[in-house]
Amino acid sequence: MEVALEQAKRRPAAGKTLLNVERQQHPEIKMSQLEVVEMEDKKKQQQQREEAEAEASVVPSSLRAAATRSLSSLSSSLRWDHRGDGEEEAELTWAAIERLPTLDRMRTSVLSSEAVDVRRLGAAERRVLVERLVADIQRDNLRLLRKQRRRMERVGVRQPTVEVRWRNVRVEADCQVVSGKPLPTLLNTVLSTARGLSRRHARIPILNDVTGILKPSRLTLLLGPPGCRKTTLLLALAGKLDKNLKVTGEVEYNGTNLNTFVPEKTSAYISQYDLHVPEMTVRETLDFSARFQGVGTRAEIMKEVIRREKEAGITPDPDIDTYMKAISVEGLERSMQTDYIMKIMGLDICADIIVGDIMRRGISGGEKKRLTTGEMIVGPSRALFMDEISTGLDSSTTFQIVSCLQQVAHISESTILVSLLQPAPETYDFFNDIILMAEGKIAYHGSKSCIMNFFESCGFKCPERKRAADFLQEVLSKKDQQQYWSHTEETYNFVTVDHFCEKFKASQVEGHNNALSLNIYSLTKWDLLKACFAREILLMRRNAFIYITKTVQLGLLAVITRTVFLRTHMGVDRAHADYYMGSLFYALLLLLVNGFPELAMAVTRLPVFYKQRDYYFYPAWAYAIPAFILKIIVSLVESITWTSISYYLIGYTPEASRFFRQLLILFLVYTGSLSLFRCVASYCQTMMAGSVGGTMSFLVILLFGGFIIPRPSMPNWLKWGFWISPLSYAEIGLTVNEFLAPRWLKTTTSGVTLGRRVIMDRGLDFSSYFCWISVGALVGFILLLNVGYAIGLTIMKPPGTSRAIISRDKFATFDRRSKDMSKDMDNRMPKLQVGNALAPNKTGTMVLPFTPLTISFQDVNYYVDTPVLQLLHNITGAFQPGVLSALMGVTGAGKTTLLDVLAGRKTGGVIEGDIRVGGYPKIQQTFARISGYCEQTDVHSPQITVEEPVAYSAWLRLPIEVDSKTRREFVNEVIQTIELDDIRDALVGLPGSKGNVSLFAVELVSNPSVIFMDEPTSGLDARAAAIVMHAVKNVADTGRTVVCTIHQPSIEIFEAFDELLLMKRGGELIYAGPLGFHSCNVIHYFETIPGVPKIKDNYNPSTWMLEVTCASMEAQLGVEFAQIYRESTMCKDKDALVKSLSKPALGTSDLHFPNTTQRFGEQLKACIWKQCLSYWRSPSYNLVRIVFITISCIVFGALFWQQGDINHINDQQGLFTILGCLYGTTLFTGINNCQSVMPFVSIERSIVYRERFAGMYSPWAYSLAQNLMSGFIVPAPQIPRWWIWLYYTSPLSWTLNVFFTTQFGDEHEKEISVFGETKSVAAFIKDYFGFHRDLLPLAAIILAMFPTLFAILFGLSISKLNFQRR
C-alpha cells in the first residue's frame, strides 16, 4: 500500500518537474499550450487523493482493514490515468499481460477492458482510439505528446535526439559560359555540343561558407528572398545534394560526419513539389510510407519502457499504452501512425479519396501539399527539413500544422527546420529560432526573441503593423533597406549581407549518437518485397479497367483476325500456307506491340519511384520484381484470350498439344514484350525519349525476326542479328509447331514434305525440338530484360538535371561584384505604404483606350448536378471600375467557384441568377472579349520566352485597328508595368521566370476592362507577392475592374484592396463592403456583433476576421453570420447599389464585337509563328526524330542491301522480301512520327490525350488493326467482302499501292517463279496484291486528303471538345 501511495504521490511531482524543464527550455511557450493540460490532470488526481484520505480519516480503527483496501484501490486508481466500468476485469487482464514474455507483452495491450493484439487492430478500432486521444487537434495533440514523454521519463527513458551542425559549407555549380542568352534551339544545341570542349567553364558559388547549428527541441524558421538558396541549404543538411555539385565543408549529426551513417534514414527532407502515385488513396500513400520507413528506435524504446515499468510496478494508461505499442510494431500493412498523422494534418476527411492528377479527380492542391508533408513525418525521423510546406494552404491550416510541429519539437525533442514563404505573425510566433539567408549566405542565425534587437543594433527597426517575416526579408534588399533606417541622426549607408553575417555566432549542444541510422533500409529484404508486392497489387486493382480494356481489345482483334483468316476459305496447300504463316506473324506482332502501354505506365511512375528510392524506402530490385511477376498473370489472361478465340477458327492443326505449345510461346512473347518496354522506360525515363526508344527496339526486333526478311536473305555479316531477336525464336517455335504437324506431311515434287518446304522457303528449317529451345530462349530474354530493368532503376538519376549555363555578361558581374549574388535583390519594389498601399506607378501610362465596365450580380446560385449540391447561395454584389476588390473566405467557401461563375469558366453544373455587365445581361462571347482571367495554375508553352506569349496575346486579341507599332509599344508598356524587363528573354518554363506574373501580363495586354485573378500571390514569398500586388494596384488605378481571390495576405496587401467580399464555408456572403482606412469598416462591423472578440493591437485584420467568423466561433457564439449580414444595413445598401447598376446608364449601348479581332490570315500567321518557335526550340523532339530516321535508314539499307535489284529477284520470296522492306519503312516512319509528336502536342494543349498516356490502349494496336487490312499481310483479293471497306480507308494500303506499283508495276518483261508457275513481276503484283498502276493519280489524291481530314478533325476537336472539368 505504501509503495502504491508513494507512486501516486510521485506522479504529480514528475509532471511538475517536466513542466519546469519545458518552461526553462521554452519560456516563450504560452500557458495554454503546456500548463492547462497538466493542471487539469493534477487537479483531477489531487481531488481523488483528498477524497480518499478524508474518507479514511473518519473510519474507526476497527475498520482499518477496509481503509487499507480503500487506499489500495486508490493507489490503483492513481496508477491509471482514466478509470471506467469493469476496472477489476481490466486489472486482471493487465496482470495477465504482465506475465507474458517481453516480445508478446510489446504486442499486447488493454483496449475496452480486453486484451488486444495491437498488430491486428481493425480500421474502426484504430480510428476510434486516435479520435479519443486527439479529439481536438490543438489541445489534445499536446496532451498526447506530453503523456508519452511523461511515461518514458517516469522510468528514466529518453528519446534520442539529433543535433545538426555545419561548418564552412560551400556549394558550387560547374557552369558553361556562353555568349549572350542562347535559347535551346536545334542549331544552338548542335553548336554547343560541337564546341562543348572548347567552351569556357566556371564554378559559380551557390552557398558561401555557411555555418550554423540546429538544436533538438527547437523549431527553426528558414527565411530569405527568392534565389537566396534556402532549398540548397536544406538539401545539404539532409545529405541529398546533387552529386554534380562541388561541396566543401562539414555537415555533422551529433558530431558524426554524413559519410559514416545514412542521413536519409536519420532525417527527412520534405520537398516543395508534390509527387505521389495518383491511383492510391491518402491513407494508402501514408500506410506504405510508414511501412517502408519503419519505426526506427520506437521498438527499442518501448521494450525498455515496459521492462522498467514491470520492475517498478507501474501500470500505464491503457490508451497511451495501446497507441505507443501500435506505432512501435514494424512492417504493419496498416499503421496507427497513419491515422494519427492524418488527424493532425487534417487529412482524415479525405483519407479514402485517391490522390489524383491532371486527368483524375482527386484531393485538392492544399491536401496534396499536406500529404507530401505527412508522407515523410509519418516515419521515425528525428530531424525534419521542410521546404515551403505552406504553398497553397490557407493561414488556418498552416497555423495548425506549424502548431503541431512546435509540439513535436518541444515535447518529443525533435530537430525541425522549416522554410516558409509568407508566414503570418501568429505562425511566426511558434518558432524558437530564425535562420535568415541572402545571397547564399546566412545573415542571422539565432533566437527569434533576439532578432529584432539584433537588427535594431544595426540601425533598422520594424514598423508597427508590419509583419516581422516581411521586414526580415526586405531589410536585406538594397532598395528597400533604407526605409527601415531608424538612426535618423546618422547618415544611412547600405549594410551588406556580409556585415550581418559577422554579427551572429552559433552555440553548441550535445546530442545522442543512437539517433543516427546505420541501416540503409528499415525492413528486411523479405518484408521489403512483401510491401512492394502489396503496393503493386493495389495499383493493378486500381488500374483494372485498363487491363480489362486491353483484354477486350485483344479479343475483338482476335475476332476480326479469325474472320479474315477464316478456316473455311483456307486449305492445307502451298498457296494458303503463306496465309497461315502471315496469321502467325500477325499474332506475334500484335502481342509484341500490345505491351507498348507498359512503357507509358512505367514512365509515369518513375518520378515517385525516384523520390522514394532516394529516400531509401526500398531498393530498385524490390520494386522491379513485383512488376515482373504480377504482370505474368496479365500476360497469361490476354494470351489465353487471343489463342482460344483465334486458334481453331483460323484453322491451325487441331491437336491439343500443339494448341498449348502455341499458347505457351505467345504467353512468353507477351511477357517479354512487357519486360522490354519496362526496361526501355527505366533508361529513357520520359515519354518522348521512351516512345522513340521503344520504337527503335521494336524495329530491331522486327527486322531481324526473320519474317520481313528471311535469314538466308540477310547479309552474312548481319546474320548474327537473327539470333539476338526474341521474335526469331518465337517464329521458329510457332512455325515448327504448326508446319511439322501430320497434316502438313504431304510430299511435294521436290521430295520434301509440304510443311518442311514452307519453313525452308522462310529460312526457318529447324527440327521439331527447336520448339522447346525457343521456349528456353524466350525465358532467357525475359529474365535478361527484367535484370536490365532493375539495373536501370538502380543506376539512372532522375531526369531533368543538366549542365548550368551562364552568360558572359552575368559571369562578369560575378567577377566584379562577388558579394552581389542576385541582381534581382537590387531591383525590388519599394515599400507598400499604409493607407496608400501599392500606389500606382506614375512613370508610364496605358497607351490604349478601353471602356470601364461594372459587373453586377444578384441572387447567384450554383449547383453541382451530380450529386445535387449547392455551392453558392444567393450571392449578390458588384465590382466597379477603379476599385480593387478582394474575394476572401476559408477553404471551401466557394471563392474560386464564384470567380469561375462570373467569368463564365464553368463547364458543368447549373447556374442561376442575374449577371450584368454595364447594366446589360452578360453575353459570354462578348464578355470574353473585354475580360481577362488569370488562373492560379501557370499555363504556358515551356519553349516560349516571357515576352513572346505577351506579344502573341496582343497580336490576336487587340482590335484590328491597332497597328503593329502601337501594339509593340503597348506590349513594352505592359512588360514594364508588371516588372518583367529583366527576364523578358527567359523561357517561361524555367525557375525564376515568374510564370504566374507572366500570365497576368498575357491577360493585361489584351486591354481588358475586367480582370479576374485567382490567387495571384500563391507560391510567392512575401516580397514577390508585394511586387505582384503593386502591379495589380497600378492596373486597378487605371480605371479597370479588378477582382482577386486571396488566401492570407499581409496587412499591407490586404489594406491595398478597396472592397471586400467575405464568404463562409458553404458559399454564403457574410460581408460585402469597403475596407476603410486600416480596415476600420470591417473591424467595426464584426466587433459590433455580440460576443466577437476584439482585435489585438497590430494584428492582421484579414487573419482576425477569418478567425472570428469560422464555423467553430459561430457554434460558440450561437450566431449565424450569413443571417446577420442579410439583416444588416450593409446588405440593403448593397442590394440598392446592385439594382441601380443593373440598369444601363443613359447614352450607353450593349457591347458588340465581331467573332474574332483579326482576319483569318493574320491569325494563321500568328499561330504559325508561335508553333515554329515551339518546335524549333525543342531540340530533344527534333533530334530524336532525326536520329531515329537516320538509324532506321542505315539498318534498312544494310539489311536489304541490293535486295531491290530486279536482276536478283527470281521467285515470290525475293519479291516478298523487298516489298517487306517498303512495308516496314512506311510503317515505322509513320508510327514513329505519331509517337514522338503526341507528347509534344500534349504539352502544347491543355487537353491531354487521356487514353494514350494512361495506357488504356496502344496506338500500335489500333494501327496494326488497320495494318491487317493494308494489303501486305493479307492481300486485297483475300480480304473478306465485309472487311474490304477497311482496306480502302487505310492510309497504309494506298501508300503501299504507290510504292509497289511505282517500283515494280511496270516490270512486264521480268518473269519469276511463283508457287510453281511463271509470271511477270507486274502481273504478280496485280494478281496477288491487287495493286494497280492506273490507280496512282487516285492514290495521290486520297493520300493528300488524309492529312487534310486529320487537320480538320483536330481543329474541330480543340474547338468543340473540352475534357477539363470545372
Side-chain angles (χ1 to χ4, degrees), residues 554 581-599 602 624 627-629 631-632 634-636 638-639 642-643 661-684 690 693-711 714 718-738 759 762-764 766 769-792 1192 1195 1199 1220 1224 1227-1228 1258 1260-1261 1264:
L554 202 63
M581 183 73 74
S583 67
L584 292 173
F585 171 73
Y586 180 72
L588 288 175
L589 196 61
L590 185 62
L591 289 176
L592 188 62
V593 302
N594 207 47
F596 221 101
E598 188 73 8
L599 174 67
F628 160 53
I629 293 179
K631 295 298 173 61
I632 290 178
V634 176
S635 304
L636 184 61
E638 297 192 17
S639 301
W642 173 270
T643 309
R661 279 199 290 269
Q662 185 179 117
L663 172 61
L664 175 61
I665 293 174
L666 293 179
F667 160 69
L668 293 175
V669 168
Y670 192 28
T671 303
S673 174
L674 296 177
S675 302
L676 169 67
F677 291 116
R678 277 197 304 268
C679 185
V680 170
S682 68
Y683 291 95
C684 294
T695 306
M696 185 66 67
S697 303
F698 181 64
L699 171 66
V700 173
I701 290 174
L702 181 62
L703 288 182
F704 286 98
F707 182 83
I708 290 182
I709 176 172
R711 183 170 60 93
M714 295 180 184
L718 282 179
K719 286 185 178 180
W720 58 268
F722 176 83
W723 298 108
I724 65 170
S725 173
L727 195 63
S728 302
Y729 296 95
E731 279 197 79
I732 292 173
L734 290 180
T735 52
V736 300
N737 179 63
E738 171 62 28
I759 59 177
R762 303 298 304 179
L764 301 173
F766 297 97
Y769 64 83
F770 263 83
C771 179
W772 299 109
I773 293 178
S774 299
V775 169
L778 290 173
V779 172
F781 276 113
I782 292 171
L783 296 177
L784 181 64
L785 289 170
N786 281 282
V787 170
Y789 175 52
I791 294 174
S1192 299
V1195 172
L1199 272 177
L1227 180 67
F1228 279 100
S1258 168
W1260 283 85
L1264 284 176

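Along the sequence shown, the residues carry numbers beginning at 1. All values derive from a computational prediction rather than experimental measurement.
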**OP:** Taking the side chain as every heavy atom from C-beta outward, state whether Ile732 and Ile759 have any pair of such atoms under 4.5 Å apart.
**Re:** no
Original post:
With sequence neighbours excluded, what pairs up with Glu738 under the side-chain hydrogen bond (donor to acceptor under 3.5 Å, both in side chains) test?
Top reply: Thr653, Arg743, Trp744
**OP:** Could you pull out all residues at least two apart from Ser697 that satisfy side chain to side chain contact (heavy atoms under 4.5 Å, CB included)?
**Re:** Leu676, Val680
**OP:** For Met696 and Ser1192, work out which heavy atoms get closest and say how close.
**Re:** CE-OG, 4.5 Å
Subject >> Atom pair CG (Leu591) and OG (Ser673), whose distance is rounded to the nearest 0.5 Å >> reply: 8.0 Å
**OP:** Please tell me if the side chains of Leu764 and Phe770 come closer than 4.5 Å, counting only heavy atoms from C-beta onward.
**Re:** no
Original post:
How many angstroms lie between CG in Leu554 and OG1 in Thr643, if you round to the nearest 0.5 Å?
Top reply: 9.0 Å
Original post:
Looking at residues at least two apart in the chain, or sitting in another chain, which of them share a side-chain hydrogen bond (donor to acceptor under 3.5 Å, both in side chains) with Ser682?
Top reply: none
**OP:** Under the ring pair (Phe, Tyr, Trp, His ring centres under 6.0 Å) rule, collect the residues that match up with Phe781, sequence neighbours excluded.
**Re:** Tyr729
**OP:** Return the set of residues passing ring pair (Phe, Tyr, Trp, His ring centres under 6.0 Å) with Phe667 (not counting sequence neighbours), or none when no residue passes.
**Re:** none
Subject >> Contacts of Asn737 that satisfy side-chain hydrogen bond (donor to acceptor under 3.5 Å, both in side chains) - sequence neighbours left out >> reply: Arg661
Original post:
Pro726 versus Leu778: any side-chain heavy-atom pair under 4.5 Å?
Top reply: yes
**OP:** Please tell me if the side chains of Leu666 and Leu734 come closer than 4.5 Å, counting only heavy atoms from C-beta onward.
**Re:** yes
**OP:** Give the minimum heavy-atom separation between Gly672 and Leu785, together with the two atoms involved.
**Re:** O-CD1, 3.7 Å
Original post:
Could you give the distance from CH2 (Trp720) to CE (Met714), rounded to the nearest 0.5 Å?
Top reply: 10.5 Å
Subject >> Side-chain touch Leu584/Leu588, heavy atoms, less than 4.5 angstrom >> reply: no
Subject >> Distance-minimising heavy-atom pair for Lys719 and Arg711 >> reply: CE-O, 3.5 Å
Subject >> Side chains of Phe698 and Val593 in contact at under 4.5 Å (non-hydrogen atoms) >> reply: yes
**OP:** Identify the two heavy atoms, one from Gly788 and one from Tyr683, that lie closest to each other, and give their separation to 0.1 Å.
**Re:** O-OH, 2.8 Å
Original post:
Can you list the steps and then say if Leu668 with Val779 is a side chain to side chain contact (heavy atoms under 4.5 Å, CB included)?
Top reply: CA-CA 7 Å; Leu668 293 175; Val779 172; 4.1 Å; yes
Subject >> Verdict with supporting geometry, Phe704 and Leu727, side chain to side chain contact (heavy atoms under 4.5 Å, CB included) >> reply: CA-CA 8 Å; Phe704 286 98; Leu727 195 63; over 6 Å; no
Subject >> Straight-line distance of Leu663 CG to Trp642 CH2, nearest 0.5 Å >> reply: 13.0 Å
Original post:
CG of Leu674 to CG of Leu599: how many Å apart, nearest 0.5 Å?
Top reply: 11.5 Å
**OP:** Check step by step if side chain to side chain contact (heavy atoms under 4.5 Å, CB included) holds for Leu1199 and Leu718.
**Re:** CA-CA 7 Å; Leu1199 272 177; Leu718 282 179; 4.1 Å; yes
Subject >> Pairing residues for Leu784 by the side chain to side chain contact (heavy atoms under 4.5 Å, CB included) criterion, not counting sequence neighbours >> reply: none
Original post:
How long is the span from the CG atom in Leu664 to the SG atom in Cys771, to the nearest 0.5 Å?
Top reply: 7.5 Å
**OP:** For Glu731, check salt bridge (charged side-chain N to carboxylate O under 4.0 Å, His left out) against everything at least two apart and list the hits.
**Re:** none
**OP:** Hey, could you give me each pair passing side chain to side chain donor-acceptor pair (under 3.5 Å) that has a residue in residues 769-787? Not counting sequence neighbours.
**Re:** Ser675-Asn786, Arg678-Asn786
Subject >> Residue list, side chain to side chain contact (heavy atoms under 4.5 Å, CB included) with Ser728, at least two apart or on another chain >> reply: Phe722, Ser725
Subject >> Residues in side-chain hydrogen bond (donor to acceptor under 3.5 Å, both in side chains) contact with Arg762, at least two apart in sequence or another chain >> reply: Gln1213
Subject >> Selection residues 663-672 - residue pairs positive for side chain to side chain donor-acceptor pair (under 3.5 Å), sequence neighbours left out >> reply: Lys550-Tyr670, Asn594-Tyr670, Ser635-Thr671, Glu638-Tyr670
Subject >> Parallel, tilted or perpendicular: ring planes of Phe585 versus Phe707, cut at 30 and 60 degrees >> reply: parallel
